[in-house]
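Reviewing the structure listed below.
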Amino acid sequence: MSQRTGLTLVLAAGEGTRMRSRQPKVLHAVGGRPLIAHVLAAVGRLGGRTAVVVGPGHGDVVAEVKRVAPDAEIFVQAERRGTAHAVLAARPAIARGADDILVVFGDTPLITSATLERLRGAVANGAAVAVLGFRPADPTGYGRLVVEDGRLVAIREEKDASAAERALTLCNAGVMALDGRHALALLERIDDRNAKQEFYLTDAVALARAQELAVVATETEEDEVRGINTRAQLAEAEAMLQRRLRQQWLDAGVTMVAPDTVFLSADTKLAPDVVIEPHVVFGAGVVVDEGAVIRAFSHLEGAHVGRGARVGPFARLRPGAELGPDVRIGNFVEVKASVVEAGAKANHLAYIGDARVGEGSNIGAGTIVCNYDGVAKHHTDIGKGVFIGSNSSLVAPVSVGAGAYVASGSVITDNVPADGLAIARSRQTIKENRASSLRTRKSAGKTKARQAAD
Ligand code: UD1
Ligand code: CA
């Protein structure tokens with residue numbers, strides 16, 4: 001089928017008012033990725049041309065389309081007058097011709113390219129119109145597939161359906177493939193004489209039948225074609241996508257002790273023999289290399305974890321955290337925009353931001369990189385084999401040379417040369433036998449104060 005030319009139209013001009021949001025519906029995210037980006041990813045795997053129909057003033061949607069599918073053509077449907085009307089907003093793309101024209105909705109994020117290929121296959125095998133059907137647990141609101149003698153004859157929208165038609169359980173998922181030779185002629189004959197006074201794409205079925213063109217329906221699972229109109233449906237789709245992603249990574253050789261508590265992003269990449277403990281969240285843009293362990297209650301985003309590294313429990317990796325092989329990032333350690341080289345360790349209570357930590361260095365408990373002076377961010381460079389004593393502050397911009405040693409509790413404001421020992425704290429003084437007299441003085445003061453109050 002690769003010689004056949006295809007055009008996919010993604011309809012995304014819907015208002016989505018039931019989301020009660022300032023944001024266009026298709027920009028809401030599941031798995032850390034906007035709905036429309038999921039659809040465009042599935043469509044992109046098919047090859048062929050892509051066109052997206054957006055509503056007027058949908059600049060943000062256009063920007064997202066350009067980001068994820070730069071080659072897609074964009075058309076604006078000036079008025080929302082139904083799904084067939086939306087398809088015809090892309091008339092120039094259709095008129096350029098294609099063997100098959102696939103119509104998908106931008107609010108159906110779990111659709112797979114395999115299912116879309118099946119519909120294109122039906123057109124390649126002679127159907128003028130191929131429709132995707134499914135049997136929802138609750139068919140309310142969906143168009144019903146009217147089948148006579150085993151043949152699809154029409155799709156009836158719920159508002160136009162008779163009681164008998166409403167009792168039908170096979171529904172329209174909303175994905176349709178049309179033979180490119182017939183598409184425009186069929187679309188142009190669709191009118192708006194129906195309950196909603198809209199141009200229904202679904203009318204293409206009855207029109208094709210009237211011309212004795214072949215029409216077929218293929219079925220799929222409800223989970224794949226759930227359209228999103230409400231926040232509750234958005235949450236259901238998220239849950240479904242999470243199940244799919246967990247299964248994908250388990251199959252790929254990742255250990256998850258409690259998969260149901262691990263939250264992944266659509267773009268998370270995990271190598272074989274990665275171990276993920278319970279309650280870990282992967283925001284967008286995380287890559288974890290072979291054998292690394294992500295311990296419980298860690299949050300990662302925009303980070304790369306090297307081979308055999310250990311992160312957490314209770315660690316936070318923020319965008320630009322780049323951990324080399326065998327690095328250790330322990331509890332209550334935050335790393336942002338920093339390279340931590342092979343074997344380096346920050347095991348307890350630390351902040352590492354806008355820094356490099358050289359190979360094998362040890363960052364003591366409570367170390368803070370002071371990267372921000374209230375105006376700008378500055379870099380901290382820690383060389384190879386450095387020891388930073390506990391409770392030190394490194395005031396950026398500053399560098400600590402290879403093999404240097406920073407004494408605990410230091411506030412480092414000047415560069416430390418390689419192999420240097422930096423002690424930047426006030427010297428301790430001891431007053432022998434003075435603890436008891438101090439106590440006596442203090443309790444005398446307390447008695448006095450009480451008498452005064454009486
Ligand atoms: C549509 C189908 C219905 C099917 C259901 C599946 C039609 C007439 N009905 O109904 O058979 O069971 O989807 O979810 O096709 N859109 C535009 N411009 C418009 C109208 C819609 O771009 O003028 C886009 C929307 O953004 C949305 C999609 O088309 O992505 C579907 O529109 P919607 O109004 O949600 O259709 P349904 O009534 O759900
Ligand atoms: Ca819908």
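All residue numbers refer to positions in the sequence shown, counting from 1. Quick caveat: nothing in here was measured; it's all calculated off a predicted structure. Counting starts at 1 for both ligands and their atoms, in listed order.
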Exercise. For D192 and Y200, does a side-chain donor sit closer than 3.5 Å to a side-chain acceptor?
Worked result: no
For this session: Report yes or no: does K196 have a heavy atom closer than 4.0 Å to ligand 1?
Result: yes
For this session: Can you sort out which atoms of ligand 1 are near A12, meaning under 4.0 Å from one of its heavy atoms?
Result: 22 (O), 26 (O)
Exercise. In ligand 1, which numbered atoms sit nearer than 4.0 Å to a non-hydrogen atom of A86?
Worked result: 17 (C), 18 (N), 22 (O)
For this session: Pick one of side chain, backbone, both or neither for how E157 approaches ligand 1, counting any non-hydrogen atom pair under 4.0 Å.
Result: side chain
Problem set entry | H85 and Q77 side chains, donor-acceptor separation under 3.5 Å | yes
Exercise. Within the structure, does E79 bring an N/O atom to less than 3.5 angstrom of an N/O atom in ligand 1?
Worked result: no
For this session: Measure across G283 and V286 and return the closest heavy-atom pair with its distance rounded to 0.1 Å.
Result: O-CG2, 3.6 Å
Exercise. Are A13 and ligand 1 in contact, using a heavy-atom cut-off of under 4.0 Å?
Worked result: yes
Problem set entry | For G143, atoms of ligand 1 separated by under 4.0 Å from a heavy atom | 3 (C), 4 (C), 11 (O), 12 (O)
For this session: Would you tell me whether D354 and H378 have side-chain atoms, one donor and one acceptor, within less than 3.5 Å of each other?
Result: no
Exercise. Any N/O of G82 closer than 3.5 Å to an N/O of ligand 1?
Worked result: yes
Exercise. Of R80, K159, Q77, which has the heavy atom at the shortest distance from atom 21 (C) of ligand 1?
Worked result: R80
Problem set entry | Minimum-distance pair of heavy atoms, taken over all atoms of A271 and D289 | CB-C, 3.6 Å
Seminar exercise, completed: Under 4.0 Å between heavy atoms, the region of R81 that gets near ligand 1 turns out to be backbone
Exercise. Side chain or backbone of A84 under 4.0 Å from ligand 1, or both, or neither, by non-hydrogen atoms?
Worked result: neither
For this session: Would you check the N or O atoms of Y142, main chain and side chain alike, for any that come under 3.5 Å of an N or O of ligand 1?
Result: no
For this session: Would you please say whether a donor-acceptor pair under 3.5 Å links the side chains of T112 and E224?
Result: yes
Problem set entry | Under-4.0 Å heavy-atom contact with ligand 1, by part of E158 that carries it | neither
Problem set entry | Atoms of ligand 1, numbered as shown, that sit under 4.0 Å from any heavy atom of D107 | 30 (O)
Problem set entry | Qualifying side chain to side chain donor-acceptor pair (under 3.5 Å) pairs with a residue from residues 262-281, counting only residues at least two apart or across chains | E277-R295
Exercise. Y200 heavy atoms, cut-off 4.0 Å: which ligand 1 atoms fall inside?
Worked result: 8 (C)
Problem set entry | Under-4.0 Å heavy-atom contact with ligand 1, by part of A173 that carries it | backbone
Exercise. Which option out of L11, V53, T83 puts a heavy atom nearest to atom 7 (C) of ligand 1?
Worked result: T83
Exercise. Looking at E158 and K196, does any basic side-chain N land under 4.0 Å from a carboxylate oxygen?
Worked result: no
For this session: Please check if any side-chain donor atom of T230 sits under 3.5 Å from a side-chain acceptor atom of R18, or the reverse.
Result: no
Exercise. Is there a donor in the side chain of H28 and an acceptor in the side chain of D107, or the other way round, less than 3.5 Å apart?
Worked result: no
Exercise. Quick one: ring-ring contact (aromatic ring centres under 6.0 Å, His included) partners of Y372, sequence neighbours excluded?
Worked result: none
